[in-house]
Amino acid sequence: MERCLISPRPHWQARVEAEGMLWHTTSDVPYWNEGVFYRFTAAEIETIHDATEACHRMALSAVGAIIAEGTLSAYGYDADAIRLIEQSWLRDERDIYGRIDFAYDGSGSPKMLEYNGDTPTSLLEAAVVQWTWLTDTAGEGATNQYNDIHRALVERMRALKIERDAGLLGGSQRQAVLHVSCVFPHDEDTGTVAYIESVAREAGLEVSFVPIDQIGFSEVEGGTFVDQYNVPIRLLFKLYPWDWLLADDYGPKLAAAILKHNIRLFEPAWKMLLSNKLLLVKMRDMYPDSPYLLDTQLSERAFQASDRAFVRKPALGREGQNVSVFRAGEVSPSERTDGNYSDNAFVYQEFASLFRDEPSGAYALMGSWVIGGEPQGIGIRESDHAITDDRSRFVPHFFE
Amino acid sequence: MTSHNSTKAYRAGYLISLNRRKARWIGVLAGTVSAIAMLSACDGPQTPPPQATPTTEQMLVYKTLDECKAAQDDDALCETAFAEAWQWQEQQPGFTAKQQCEAEYGAGNCESRANASGGNWFVPLMAGYMMSNAMNNMSRNAYMRERERGNHSGAYPVFVNRGGQVSTYGGSGTRPLGYIVAPTANGSRALPSRMDLQADPSGRGYAARGTYGDTNNRYQASSRGGFGKSSASRGSCCG
């Protein structure tokens with residue numbers, strides 16, 4: 001694993017915009033940074049692939065165990081959320097996508113930091129923009145990038161269409177258009193949703209976009225959600241967290257409509273547990289010998305007692321908010337971020353160092369995509385800080 | 001479907017741009033993605049939002065170009081409408097395997113499309129095409145003026161699947177039209193000569209009546225805006 005410098009393509013801004021990525025620059029700083037790329041060996045890619053597969057499997061086992069034990073309330077869920085998680089899991093509702101973030105520097109085993117199972121972004125960057133960078137830079141026939149994300153997403157959407165048409169997603173879902181929704185206006189989220197939309201269309205699904213705050217509610221059929229044209233929403237891909245949906249005013253109505261099968265959401269409700277960092281504690285308990293899992297606890301005491309560095313993270317935090325890094329033996333954090341998640345439960349995770357490039361001071365975080373249950377490629381985000389946040393930069397990669 | 005010389009140059013130009021896109025993914029570049037359409041509506045000069053009450057239109061359906069010419073005053077109108085429908089026909093994503101396509105549309109009812117990088121995919125044959133009755137007996141020039149003014153959304157292909165269900169393809173993707181045609185003695189299916197359809201409120205196609213809400217819609221929302229509050233308190237949601 002090596003960080004390399006390269007000249008950006010001439011007119012790269014127009015190139016990535018043509019692919020739908022309008023959020024390539026934030027306050028004059030490129031978010032999409034093709035002045036840098038990462039080079040891997042095939043063996044390193046295999047290692048990441050294996051780690052992703054193992055961590056996904058362990059995460060699913062942990063979800064299954066928590067549901068079987070009936071301990072969901074310990075994860076911060078109320079009665080509605082518990083019923084939704086249980087129903088979606090017991091009915092075997094298939095998910096679409098997720099991203100596991102790893103600390104990996106090319107040596108040893110990748111260490112799982114968290115699983116973005118509910119609302120992962122940087123999808124278009126990983127699936128499309130870095131691929132075009134590869135074929136523009138290395139030639140039309142180049143394939144040496146760990147990235148089969150687009151093909152896998154189309155395949156997953158084709159399967160979804162088959163399930164829909166066969167009535168397997170529910171009677172009122174048969175023939176229904178797929179609605180896609182997110183906060184609007186918001187370039188990055190809308191762009192990500194537009195990519196999902198185009199993938200779904202490529203798979204033969206009909207798609208409508210509705211901004212999340214324009215969704216309406218009708219009493220018909222015991223509670224039906226409708227789009228801005230009063231068309232019933234039967235299948236909804238929402239780039240908006242489950243815990244937010246349930247906390248919003250429509251939360252109880254949504255829970256009721258889902259339980260009546262009037263609407264079906266993607267990701268399914270059980271995916272909210274994957275994004276809950278309390279799950280990492282359960283995974284570590286179940287698989288203490290896994291080389292991919294960091295010691296993760298509900299308290300900092302064990303780390304302090306043994307003079308080990310650790311990281312404090314909010315259970316439902318996003319974008320690196322409210323994270324604190326504690327060096328070995330120190331009681332105040334060496335690095336910390338503010339945010340909107342100080343009201344959360346916290347987990348304490350053994351510190352794992354990200355890839356660090358000394359000359360530039362850049363840290364690199366490995367985002368490994370799971371599509372339809374299988375590892376399908378990576379995207380790398382660089383940061384000037386040990387905590388990767390929304391100021392990070394996406395950089396492409398290839399392997400040899 | 002009868003092909004026609006006047007459509008060929010148009011079709012060739014269209015295929016070139018299509019092939020470029022098809023190599024990796026389609027959608028955003030084609031401008032058919034509804035989320036992106038909303039974004040550009042937001043960034044540009046104020047475009048009126050899609051009207052909330054879609055209109056029902058009666059559509060004229062022709063199986064062939066000749067059938068249209070026999071019915072219309074101006075042959076050129078038929079050719080233009082056919083070219084418009086053909087554009088959508090060529091734009092469909094279709095199926096990667098012929099068997100998948102034929103499973104939906106029946107044996108012999110699919111044709112292949114090739115792209116520059118050597119891949120190919122399959123689309124159903126056009127069973128016919130349709131245009132609004134409001135354009136009936138217009139001259140081509142009048143038709144084009146109406147189109148430029150945005151008064152009509154143009155002509156679209158019509159497909160019939162194995163079950164006899166009639167559908168179209170347009171800016172909102174493949175849309176069932178709510179009509180079912182029975183097979184005739186020789187196995188072919190007679191298309192209805194007229195269909196009452198709803199215009200897509202975004203002006204990019206047609207769908208079965210009842211697809212889009214109207215003021216008499218039984219799903220009329222009793223409230224709106226119950227989602228989104230968390231994003232105000234938590235900030236950006238997704239990452």
Side-chain angles (χ1 to χ4, degrees), chain A residues 18-20 22 116 119-122 128 131-132 150 175 180 182-187 189-190 192-195 197-199 201-202 204-209 211-220 224 226 228-232 239-241 244-245 247-250 253 318-319 340-341 390, chain B residues 22-30 32-39 42-43 49-54 92-96 100 104 117 172-176 201-202 207 210-215 217-239:
Chain A
E19 295 181 305
L22 306 176
N116 297 280
T119 56
T121 58
S122 77
V128 175
W131 181 267
T132 312
H150 178 79
Q175 302 300 331
V180 296
C182 65
V183 172
F184 179 87
H186 185 295
D187 275 1
D189 291 356
T190 312
T192 302
V193 158
Y195 174 59
E197 176 176 345
S198 78
V199 166
R201 286 186 191 279
E202 188 170 339
L205 287 162
E206 308 79 35
V207 188
S208 292
F209 174 71
I212 198 85
D213 62 357
Q214 287 183 30
I215 291 176
F217 180 77
S218 156
E219 303 291 345
V220 174
T224 302
V226 299
Q228 64 272 47
Y229 309 117
N230 288 321
V231 177
L239 187 64
Y240 189 85
W244 292 15
L245 287 171
D248 281 345
D249 295 346
Y250 278 160
K253 289 184 159 69
R318 298 170 204 286
E319 305 195 313
N340 304 311
Y341 295 92
D390 61 355
Chain B
K22 190 79 185 179
R24 190 63 190 167
W25 69 305
I26 25 178
V28 165
L29 294 182
T32 58
V33 174
S34 59
I36 286 289
M38 287 207 54
L39 262 190
C42 208
D43 292 339
Q51 56 187 107
T53 309
Q92 320 185 56
F95 299 81
T96 47
Q100 290 174 324
E104 177 72 21
S117 49
S172 315
T174 301
R175 290 284 195 181
S202 66
T211 302
Y212 306 104
D214 54 43
T215 46
N217 187 322
R218 57 192 294 259
Y219 294 103
Q220 185 74 28
S222 55
S223 70
R224 220 172 262 290
F227 290 126
K229 204 185 258 179
S230 296
S231 68
S233 59
R234 299 281 191 188
S236 184
C237 77
C238 305

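A, B, ... follow the sequence lines: proteins, then strands. Residue 1 opens every chain.
A/Val226 and A/Ser218 make their closest contact through CG1-CB, 4.2 Å (heavy atoms, listed as atom of the first residue, atom of the second, distance). Residues A/Gln228 and A/Gln214 approach most closely at CB-OE1, 3.6 Å, considering heavy atoms. Of all non-hydrogen atoms in A/Tyr240 and B/Phe227, the two that sit nearest each other are OH-C, 4.4 Å.
Most heavy-atom pairs under 4.5 Å with chain A: of the set B/Pro176, B/Ser233, B/Gly228, this distinction falls to B/Gly228. Residue with the most contacts toward chain B among A/Glu206, A/Lys253, A/Gln175: A/Glu206 (heavy-atom pairs, distance under 4.5 Å).
Applying the side-chain contact (heavy atoms from CB on, under 4.5 Å) criterion to A/Asn116, with sequence neighbours excluded, gives A/Arg99, A/Asp101, A/Glu114, A/Pro120.
Residue A/Thr224 touches chain B through its side chain alone, counting heavy-atom pairs closer than 4.5 Å.
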